[in-house]
Amino acid sequence: MDVFRSDRIRNVVLLGHGGSGKTSLVEAMAYLSGITNRLGKVTDGNTVSDYDKEEIKRKFSINTSVVPLIWKDTKINLLDTPGYFDFVGEAEEAVAAADAAIIVVSGKAGVEVGTEKAWELCEKYKLPRMFFVSEMDVDHASFREVVEKLTELYGKKIAPFYQPMRENEKFVGYINVMKMAGRRFTGIGTREECEIPEYSKANLDIYREAMMDAVAETSEEFMERYFAGDEFSVGEIRAAMKTNVNDGSIIPVSMGSSIELRNIHNLMNDIVELFPSPDKKKCAGINMKTNEIFEGDYNFATSKSAYVFKTIADPFIGKYSLIKVCSGVIKSDDTLYNATTETEEKISKLYVMRANKPEEVSELHAGDIGAIGKAGCKTGDTLSTKAVPIVYGKTEISKPYTYMAYKAKNKGDEDKISQALAKIMDEDLTVKSVNDSENRQTLLYGMGDQHLAVIVSMLAEKYKVDVELTKPKVAFRETLRKKSDVEYKYKKQSGGHGQYGHVKMTFEPSGDLETPYVFEQQVVGGAVPKNYFPAVEKGIQESVQKGPLAGYPVVGVKAVLYDGSYHPVDSSEMAFKTAAIQAFKKGFMEASPILLEPIETLTVLVPDKYTGDVMGDLNKRRGRVLGMNPAGAGKTEVVADVPMMELFGYSTDLRSMTGGSGTYSYEFARYEQTPSDVQEKEVAARAAEV
């Protein structure tokens, strides 16, 4: 592939609800630009961007893929992202690397939750954007309904650029709102002028007025001419639109059919003409040598730097780090410095990735997207020169809260699994593997149940290791509520020295649930010699690791040794330690032992209309609502304390309750007494296990 200067590059991310037609749109653009000679289909599993076995099997995108293509002497780097919420980390990485976005909306399904989430992502990163209404060839697709809904959500900035012409439920042409001209399709990528049909004129007037309003607002001169009844030329409208699209005051709405390749050429023209090239964008990091701000600004004339926005770690094609060049020109024989790890990377080859196919290039200019192979860097690292070491801020990636316990199906696979998971975690920052030594389990975290299922499937398919997911154990604690006074005498006589240790102890709540135990001795008159006190404490120290009630760690116990006796020959540290262990077991069980459960502070963000459903569900989960705060944009934040064990499966339930629009996060708050019915079940379950 040729080398492109910064002003001839467009980095465009495709966002939208799952199934809205993003991958099909990439396929249509790839075909029209000539990089493929056949039109692949998601259903056939032969598209350019969905190349992974899991994607082909499930028929939806799981990874972000980059597809560069050339249109009108401009390189368009398309970033095709997954629409399903379980793979939101991929979309977040892509948005951080893009300079503009196309939000794809299905003409049949209309505006969905994923459309709104895509808009929120664009708002967060201040990306210029346009909407593309897909599937205009499908029966019952309605462009008008989509435009009305978008206008209701986002106001007057929504401006349709094209209006479909449909006859007998067929998509036969379009009207260019800017030129006020009709076009009828004659073949793939070809059309001819035609009269504007009478039935289109009512909507066309509304769309035209919205566009003229927006143009008039770009300058005082235009505003005066508009009120004077002047017509703007197509050139003036185009120039005004470019300004408006870049500052987000106009959001164009385009439409077409990816399957029939209709009106896709106009979309590609608009990408080139209306979206900004990288050199029009700002980008700043920190110079680690001087501690000053380094303004990269995608300027090819400054010191070279690049940000690693994604990692591909595939057992078949190897490891590639996808980079966006933030400044300078990176060449294939450069040695770059990683200021995060303070190591140097020798680049032997530089690539552009076409989905999973690397193509070698000699250099990449500022603003371009490419890849380096077999590098030691990770997602979020910055590569620069040692003379000017730069670090850019890392992309904010959603945190995973859904988790399951996992174990190897086949003994001896544990090492292979941890190596495979390390590679998966390099690729996907929303996957986490955590060792919970307390409950002797390893936990796999992801963005939802579907995400976890995909990871298990990837482990089996790609890495040939099988894991089994099970419901995770909750980290209960044990403590006591009353005071007990116990005595234990440990005597053992066998040939030679015997064993003798005798303790009298009290056990009571210490009032501090943060520390396992407090040990005191109040022995008078040397009934137990001082040199055995550490042995008694060691016995308590061992005992609190696994409580007598259900084998969970013990907290909040005060143990006092106040009397006992010893034998001058048979007493030993071992004997006193054993006596203390037995005294603890007995004393603990006599002092009203209880289980404590972890309580999490849960924050749920939902559209106002679902607040009642969420509150009702939290009550069922033994939750206590602490507050409800308006969060703006028609959303409410509900904060509640909920027992950890009741949060299992919450991700799926919240999505089904809110149609996928609710999000949540939680953090540990404290331990609280478990209700007696829950305690009985838990103690019985642990007894059966033991």
Side-chain angles (χ1 to χ4, degrees), residues 10 12 14 20-44 46-50 67-76 78 80 102 104-108 130-144 146-147 160-201 203-204 207 234 238 252-275 354:
R10 304 288 182 274
V12 182
L14 270 69
S20 59
K22 297 180 292 297
T23 300
S24 301
L25 179 58
V26 171
E27 201 59 29
M29 290 158 99
Y31 180 79
L32 282 178
S33 67
I35 66 166
T36 58
N37 52 17
R38 56 151 181 76
L39 198 60
K41 286 185 180 173
V42 174
T43 46
D44 296 346
N46 59 356
T47 62
V48 177
S49 56
D50 281 2
V67 179
L69 45 92
I70 317 301
W71 188 257
K72 289 191 163 181
D73 292 335
T74 300
K75 181 185 182 188
I76 303 173
L78 291 174
D80 182 21
I102 293 171
V104 182
V105 184
S106 159
K108 193 174 178 186
M130 68 168 79
F131 285 98
F132 178 80
V133 184
S134 64
E135 302 184 308
M136 290 314 298
D137 55 300
V138 177
D139 284 359
H140 312 302
S142 173
F143 181 72
R144 182 181 53 79
V146 172
V147 170
F161 274 30
Y162 306 95
Q163 184 184 344
M165 280 167 30
R166 292 172 71 87
E167 289 168 11
N168 305 322
E169 289 298 322
K170 294 266 186 292
F171 179 38
V172 294
Y174 64 91
I175 300 153
N176 185 321
V177 179
M178 200 180 292
K179 294 178 179 171
M180 289 295 275
R183 301 282 185 267
R184 188 174 285 274
F185 299 122
T186 53
I188 290 176
T190 58
R191 60 253 179 234
E192 61 184 18
E193 285 190 33
C194 69
E195 288 292 314
I196 294 172
E198 208 53 47
Y199 62 79
S200 299
K201 286 181 178 171
N203 279 337
L204 180 60
Y207 299 159
V234 171
R238 271 269 171 208
V253 186
S254 187
M255 54 84 219
S257 160
S258 303
I259 303 295
E260 294 182 350
L261 297 169
R262 297 195 155 171
N263 207 35
I264 307 298
H265 60 283
N266 273 331
L267 177 69
M268 291 162 85
N269 290 342
D270 289 339
I271 287 173
V272 172
E273 289 174 30
L274 298 175
F275 277 161
R354 185 162 285 155

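The structure displayed is predicted, hence computed values, not measured ones. Values reported hereafter were calculated over all heavy atoms of this structure, with side chains retained and with hydrogens, waters and symmetry mates removed. Residues take their numbers from the sequence shown, with the count starting at 1.
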* Structure fact -> The residue among Glu193, Glu167, Glu192, Glu195 that forms side chain to side chain donor-acceptor pair (under 3.5 Å) with Arg184 is Glu167

* Structure fact -> Residues passing the side chain to side chain donor-acceptor pair (under 3.5 Å) test with Ser106, sequence neighbours excluded, are Glu135

* Minimal non-hydrogen separation, Pro164 against Met136, with atom names -> CG-CE, 3.7 Å

* Look up atom CZ in Phe161 and atom CG in Asn176, then write down how far apart they are to the nearest 0.5 Å. => 9.5 Å

* Asked: With a 4.5 Å limit on heavy-atom distance, are the side chains of Phe143 and Tyr162 in contact?
  -> no

* **Asn263 side chain near Arg183 side chain, heavy-atom distance below 4.5 Å** => no

* Nearest 0.5 Å, what's the CD1-NZ distance between Ile271 and Lys72? -> 11.5 Å

* Stepwise, does the side-chain contact (heavy atoms from CB on, under 4.5 Å) test hold for Ile196 with Met165? -> CA-CA 9 Å; Ile196 294 172; Met165 280 167 30; over 6 Å; no

* To do: Using the side chain to side chain donor-acceptor pair (under 3.5 Å) rule, pick out the option among Arg166, Arg191, Arg262 that qualifies with Tyr174.
  => Arg191

* Structure fact -> When every non-hydrogen atom of Gly21 is compared with those of Val104, the smallest separation belongs to C-CG1, 4.1 Å

* Leu39 side, atom CG; Asp44 side, atom CG - distance, nearest 0.5 Å -> 10.0 Å

* Asked: Does the side chain of Arg354 come within less than 4.5 Å of Leu69's, by heavy atoms?
  -> no

* To the nearest 0.5 Å, how far apart are CG in Leu78 and NZ in Lys22? -> 13.0 Å

* Does Arg10 reach the main-chain N or O of Val272 with its side chain, forming a donor-acceptor pair under 3.5 Å? -> yes

* Asked: Do Phe185 and Glu260 come within less than 4.5 Å of each other through their side chains, counting heavy atoms only?
  -> no

* Out of curiosity, Leu25 CG to Ile259 CD1, how far, rounded to the nearest 0.5 Å? -> 10.5 Å

* **Arg238 bridged to Asp270 by N-O distance under 4.0 Å** => yes

* Shortest non-hydrogen contact from Ser33 to Ile70? -> CB-O, 3.5 Å

* Take Asp80 and Val67 through the test side-chain contact (heavy atoms from CB on, under 4.5 Å) and record every step on the way to the result. => CA-CA 8 Å; Asp80 182 21; Val67 179; 5.6 Å; no

* Asked: Shortest non-hydrogen contact from Gly40 to Thr47?
  -> C-CG2, 4.0 Å

* Heavy-atom closest pair, residues Ser258 and Ser24 -> CB-O, 3.5 Å

* Would you name the heavy atoms of Arg38 and Asn46 that are closest together and state the gap between them? => NH1-O, 3.1 Å

* Asked: Any side-chain heavy-atom pair from Ile102 and Phe275 closer than 4.5 angstrom?
  -> yes

* **Straight-line distance of Leu32 CG to Ile264 CD1, nearest 0.5 Å** => 7.0 Å

